[in-house]
Undergrad: 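Once you've had a glance at the structure underneath, I'll fire off some questions.
Convention: sequence-line order gives letters A, B, ...; per-chain numbering from 1.
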There are 2 protein chains.
Amino acid sequence: MVAPLAPDMFDELCPSDLTPIRFGDKWAGMIIRCLEGGPRRFSELRVPLRGVTAKVLTRSLRKLEQDGLVRRTVHAAPTRRVEYALTPLGRSLLGPIEVACAWAREHWDELIDAREGVVAAD
Amino acid sequence: MVAPLAPDMFDELCPSDLTPIRFGDKWAGMIIRCLEGGPRRFSELRVPLRGVTAKVLTRSLRKLEQDGLVRRTVHAAPTRRVEYALTPLGRSLLGPIEVACAWAREHWDELIDAREGVVAAD
DNA sequence: CTGTATCCTGAGGGATACTG
DNA sequence: CAGTATCCCTCAGGATACAG
């Protein structure tokens, strides 16, 4: 029983290029959120993480595995399947990530304004 | 009325090299926490941020200023003084930062074990 | 005191092609 | 399907020297 992935979820939830908050490398935070609903296959992760190349996704996943946040499982039969799932430690990061995303959503306009050079009325 | 800075506060509070959580560049999160107690001068920031060079600290501060998180003020008299202070937006980041630091403190041992290759008893 | 200027290194990240 | 191999480029970050 695995929740479906909304392809666009990160466009509004994880604007990592704009906010000063990052979890690991560029994709780590999004990967963790992708895995919130249950295990995902390599190719399933590539869909919502638009633009990520296989090499970079692999590297990010290996790093997450090393850090104990994600577990990789290979199923041989009937065909090759590789699944990635959150460990308890990885799952414990969902809270802080959501806090960061909530902050970004809440202050989105101010961030845009600051970047554009709008002087804040203090 | 400005709270004193504990020189070692970041050794235990912001282990940014170990945790996957980063706020902006390497020093941004620590700078923001440094400014929590009130405005600080450039040279005052260099003390707790051990190891940061003037160039890098300047660049981090400029970035924080651009993003509307920090305000820079120059006092000419009696001698040159430059002070950095949190904007309301910057102050609003203190919550998420503390959440991240709390996560890191809580899962410190697991992070170490994972890096050392200790197999987690699941 | 508060920076700038210059040089250097390593890591992150993307493009492309290839593999079991 | 799930990666690897190779090449390349940018940027973060540190060392050092210098400046208003």
Side-chain angles (χ1 to χ4, degrees), chain A residues 5 10 14-32 34-35 39-67 69-85 115, chain B residues 5 10 14-32 34-35 39-67 69-85 115:
Chain A
L5 276 178
F10 302 112
C14 280
S16 57
D17 286 342
L18 188 66
T19 75
I21 310 174
R22 284 278 295 267
F23 294 82
D25 61 30
K26 177 176 180 180
W27 304 97
M30 292 184 261
I31 290 172
I32 291 175
C34 277
L35 297 177
R40 302 288 175 189
R41 304 179 62 174
F42 187 81
S43 49
E44 288 177 318
L45 287 173
R46 296 197 66 182
V47 177
L49 273 37
R50 280 187 298 280
V52 72
T53 63
K55 190 195 84 172
V56 172
L57 178 56
T58 300
R59 189 178 54 196
S60 293
L61 286 167
R62 295 282 186 277
K63 185 73 166 23
L64 290 170
E65 207 188 346
Q66 271 190 7
D67 287 353
L69 305 175
V70 159
R71 179 170 35 240
R72 177 175 180 271
T73 310
V74 182
H75 306 273
T79 62
R80 177 178 177 76
R81 279 173 65 88
V82 180
E83 279 192 339
Y84 294 91
R115 287 284 171 87
Chain B
L5 277 177
F10 302 111
C14 280
S16 59
D17 285 342
L18 189 66
T19 75
I21 309 173
R22 285 277 295 266
F23 294 82
D25 61 30
K26 178 175 178 179
W27 304 97
M30 291 183 265
I31 290 171
I32 292 175
C34 277
L35 297 177
R40 303 285 175 192
R41 304 180 61 172
F42 187 82
S43 50
E44 288 176 318
L45 287 173
R46 295 197 67 182
V47 177
L49 273 37
R50 281 187 298 279
V52 72
T53 62
K55 190 196 82 171
V56 172
L57 178 56
T58 300
R59 189 176 55 194
S60 293
L61 287 167
R62 294 284 186 277
K63 184 71 167 21
L64 289 170
E65 205 187 350
Q66 269 189 9
D67 288 354
L69 304 175
V70 160
R71 180 170 36 240
R72 176 174 181 271
T73 311
V74 182
H75 307 273
T79 62
R80 178 177 177 76
R81 278 173 65 89
V82 180
E83 278 191 339
Y84 296 90
R115 286 286 170 86

Undergrad: Test Trp27(A) against every option in Leu57(A), Ile32(A), Val56(A) by the side chain to side chain contact (heavy atoms under 4.5 Å, CB included) rule and name the one that passes.
TA: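 Result for side chain to side chain contact (heavy atoms under 4.5 Å, CB included) with Trp27(A): Val56(A).
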Undergrad: Taking all non-hydrogen atoms of both residues, which atom of Arg72(A) and which atom of Val74(A) are closest, and how far apart?
TA: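 Closest pair (atom of Arg72(A), atom of Val74(A), distance): NH1-CG2, 3.7 Å.
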Undergrad: Where is the tightest heavy-atom contact between Pro39(B) and Glu83(B), given as atom of each residue plus distance?
TA: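 For Pro39(B) and Glu83(B), the tightest heavy-atom pair comes out as CB-OE1, 3.9 Å.
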Undergrad: Between Leu61(A) and Leu45(A), is the side-chain contact (heavy atoms from CB on, under 4.5 Å) condition met? List the steps.
TA: CA-CA 10 Å; Leu61(A) 286 167; Leu45(A) 287 173; 4.0 Å; yes
Undergrad: Would you kindly give the CZ-to-P distance between Arg72(A) and dA2(D), to the nearest whole Å?
TA: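 Result: 10 Å.
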Undergrad: Expressed as a whole number of angstroms, how long is the span from Lys26(B):NZ to dG13(D):P?
TA: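 In whole Å, dG13(D) P lies 7 Å from Lys26(B) NZ.
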Undergrad: DNA chain D: Gly51(B) or Phe42(A), which has the more 5' nearest nucleotide?
TA: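 Nearest-nucleotide comparison on DNA chain D picks Phe42(A).
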Undergrad: Show your reasoning for whether side-chain contact (heavy atoms from CB on, under 4.5 Å) applies to Arg71(B) and Glu65(B).
TA: CA-CA 6 Å; Arg71(B) 180 170 36 240; Glu65(B) 205 187 350; 5.9 Å; no
Undergrad: Going 5' to 3' along DNA chain C, which are the first and last nucleotides with any atom under 4.0 Å from a heavy atom of chain B?
TA: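 Answer, 5' to 3': dC1(C) to dC7(C).
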Undergrad: Where do Val52(B) and Arg46(B) come nearest, in terms of heavy atoms and distance?
TA: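 Looks like O-NH2, 3.2 Å.
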Undergrad: Do you know the tightest heavy-atom contact between Asp25(A) and Arg22(A)?
TA: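 Smallest interatomic distance, heavy atoms only, reads C-NH2, 3.1 Å.
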Undergrad: Tell me which residues in residues 54-66 of chain A put a heavy atom below 4.0 Å from DNA chain C, sorted by number, or none.
TA: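 Under 4.0 Å from DNA chain C: Lys55(A), Val56(A), Arg59(A).
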Undergrad: Looking at Arg80(B), does any N or O in its side chain come under 4.0 Å of the phosphate oxygens OP1/OP2 on dA19(D)?
TA: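 Checking dA19(D) against Arg80(B), no side-chain N or O comes under 4.0 Å of OP1 or OP2.
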Undergrad: Compare every heavy atom of Leu35(B) with every heavy atom of Tyr84(B), then report the nearest pair and how far apart it is.
TA: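 Looking at all heavy atoms of both residues, the shortest contact is O-CD2, 3.3 Å.
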Undergrad: Can you tell me how far C1' of dA12(D) sits from CD1 of Ile31(B), to the nearest Å?
TA: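 Roughly 14 Å, once rounded to whole Å.
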